[in-house]
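This chain uses plain numbering: 1 for the first residue, then up along the sequence. Ligands are counted one by one from 1 in listed order, and the atoms in each one are counted from 1 as well.
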Amino acid sequence: MKRDFLSINDLGRDEIESLLEKALEMKRAGKKYPKSLAGYTLGLVFEKASTRTRVSFESAMYRLGGQSLFLSSRDTQLSRGEPVKDTARVLSRYLDGLSLRTYSQAVVEEMARWADIPVINALTDKYHPCQVLSDLMTVKEKKGRLDGLEIAWVGDGNNMANSWINAARMMGFRLSLACPPGYEPDADVLSGAGENIRMTTDPNEVTRGADVINTDVWASMGQEEEQKKRIRDFRGFQVNETLVKQAKPDAIVLHCLPAHRGEEIAAEVLEGPQSVVFDQAENKMHLHQALLEWLLKERS
Ligand code: CP
Ligand code: NVA
């Protein structure tokens, strides 16, 4: 039975642990890792811009001996209205897996419903599960564990925040989110969240004593018109040196990138000694290798 990865909730705790271990093993092995996906092809259908996710998926396939096909939605018949359910069935005949970046979570769900091959959510307005999986890898790599850590989220309750909540629920670490009023994570994602997940409107509260501080842009892709309003509404939510000083001295700072220096994060923090953002970006490739090997080969 094929498996899809549309949200963190599609994986169990043990599966996440194994994927993180595998990704760290693959990182250590580098190009010496066996070409376990020789003959396999991944399709990438992207309806939004991407640097890291696209390139790290493509590199992950090549490093494992497979290949990838980038399919800008503009160039496929999807842009001319061919139904997702037809596209899904056709692409399933050519490909071994499909990574999809789009707006609505319903579209990745529709693609997965009709495709015979694993479908991977490469970002929707609701979730960014691949990013959070590789961020968990980065936390594990830097801190040696997830259990018992205090992880802070400062900023928008967006697709990244939603996926972090799912991850905290699944893995049990403590997650404290500070979002301005009106910019909370989705209510259905928050509902039923356990005591390890805390919401507030005060960034100081969540960064005090934190092991990990995490933020993301204030206006995500598709929200460009709200940029000016959001800059006003997010005043006080910048991850700057004052906030970072309140965290543990060995706290790390995460940002999935792209970053807007001087908005959600101060340049001194992004470029500072506690920032691990470029290791974080690299880890996307190693994590994608682990995810692809597992979904395309071991699960098929
Ligand atoms: N972090 C991330 O998903 O970056 P891209 O938009 O460049 O893929
Ligand atoms: N929240 C951001 C993440 C970009 C990787 C967006 O959706 O644009």
Side-chain angles (χ1 to χ4, degrees), residues 5-8 23 42-61 68 70-73 98-108 120-139 153-167 177-180 183-186 189 212-227 229-231 233-234 237-239 252-261 263-265 270 275-289 291-292:
F5 182 48
L6 310 184
S7 95
I8 294 281
L42 176 75
L44 296 143
V45 173
F46 277 42
E47 298 194 292
K48 288 177 174 172
S50 173
T51 298
R52 281 146 288 270
T53 307
R54 173 191 173 173
V55 177
S56 59
F57 264 118
E58 294 208 36
S59 303
M61 280 306 287
S68 66
F70 183 73
L71 302 158
S72 149
S73 61
L98 184 64
S99 169
L100 176 58
R101 173 170 282 201
T102 187
Y103 293 86
S104 164
Q105 182 73 12
V107 171
V108 291
I120 299 169
N121 178 356
L123 181 146
T124 61
D125 293 345
K126 180 136 183 169
Y127 293 128
H128 198 2
C130 293
Q131 181 69 47
V132 170
L133 214 48
S134 63
D135 293 353
L136 295 180
M137 173 192 171
T138 303
V139 172
W153 178 270
V154 179
D156 193 17
N158 61 13
N159 44 9
M160 283 291 299
N162 285 337
S163 288
W164 268 102
I165 292 167
N166 286 343
L177 304 102
C179 308
Y183 294 97
E184 295 84 5
D186 289 19
V189 177
V212 178
I213 301 177
N214 202 348
T215 190
D216 186 16
V217 289
W218 291 337
S220 285
M221 288 182 276
Q223 297 172 332
E224 289 78 6
E225 282 171 15
E226 298 174 28
Q227 178 84 18
K229 177 177 173 4
R230 282 170 175 260
I231 288 176
D233 293 348
F234 281 78
F237 282 77
Q238 183 186 84
V239 173
I252 56 170
V253 175
L254 297 178
H255 190 311
C256 66
L257 304 178
H260 291 175
R261 288 167 173 79
E263 290 184 22
E264 78 277 1
I265 190 162
L270 191 79
S275 163
V276 298
V277 299
F278 295 105
D279 289 341
Q280 182 186 358
E282 176 187 336
N283 284 342
K284 286 171 71 76
M285 178 177 72
H286 305 295
L287 190 283
H288 290 164
Q289 284 189 196
L291 182 67
L292 289 166

(request) Let me see the working for Gln105 and Asn121 under side-chain hydrogen bond (donor to acceptor under 3.5 Å, both in side chains), right down to the final yes or no. (result) CA-CA 8 Å; Gln105 182 73 12; Asn121 178 356; 3.2 Å; yes
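The nearest non-hydrogen atom to atom 2 (C) of ligand 2, considering only Ala122, Ser220, Cys256, comes from Ser220.
Take Ser134 and apply the side chain to side chain donor-acceptor pair (under 3.5 Å) test, not counting sequence neighbours, and it matches no residue. Residues meeting the salt bridge (Lys or Arg N to Asp or Glu O under 4.0 Å) test with Asp156, sequence neighbours left out: Arg230. Considering only residues two or more places apart in sequence or on other chains, Arg54 meets the salt bridge (Lys or Arg N to Asp or Glu O under 4.0 Å) condition with Glu58.
Each of the atoms 6 (C), 7 (O), 8 (O) of ligand 2 lies under 4.0 Å from some heavy atom of Met221.
A heavy-atom separation below 4.0 Å is found between Leu257 and ligand 2.
Between Trp164 and Asp216 there is no side-chain heavy-atom pair separated by less than 4.5 Å.
Results of the side chain to side chain contact (heavy atoms under 4.5 Å, CB included) test with Pro185 over Asn159, Asn158, Asn166, Ile165 single out Ile165 as the only residue that passes.
Protein residues having a heavy atom under 4.0 Å from any atom of ligand 1 are Ser50, Thr51, Arg52, Thr53, Arg101, His128, Gln131, Cys256, Leu257, Lys284, listed by chain and number.
From the protein, the heavy atom lying nearest to atom 3 (C) of ligand 2 is Asp216 OD2, 3.6 Å. Summary of contacts: the protein heavy atom closest to atom 7 (O) of ligand 2 is Asn159 ND2, 2.9 Å.
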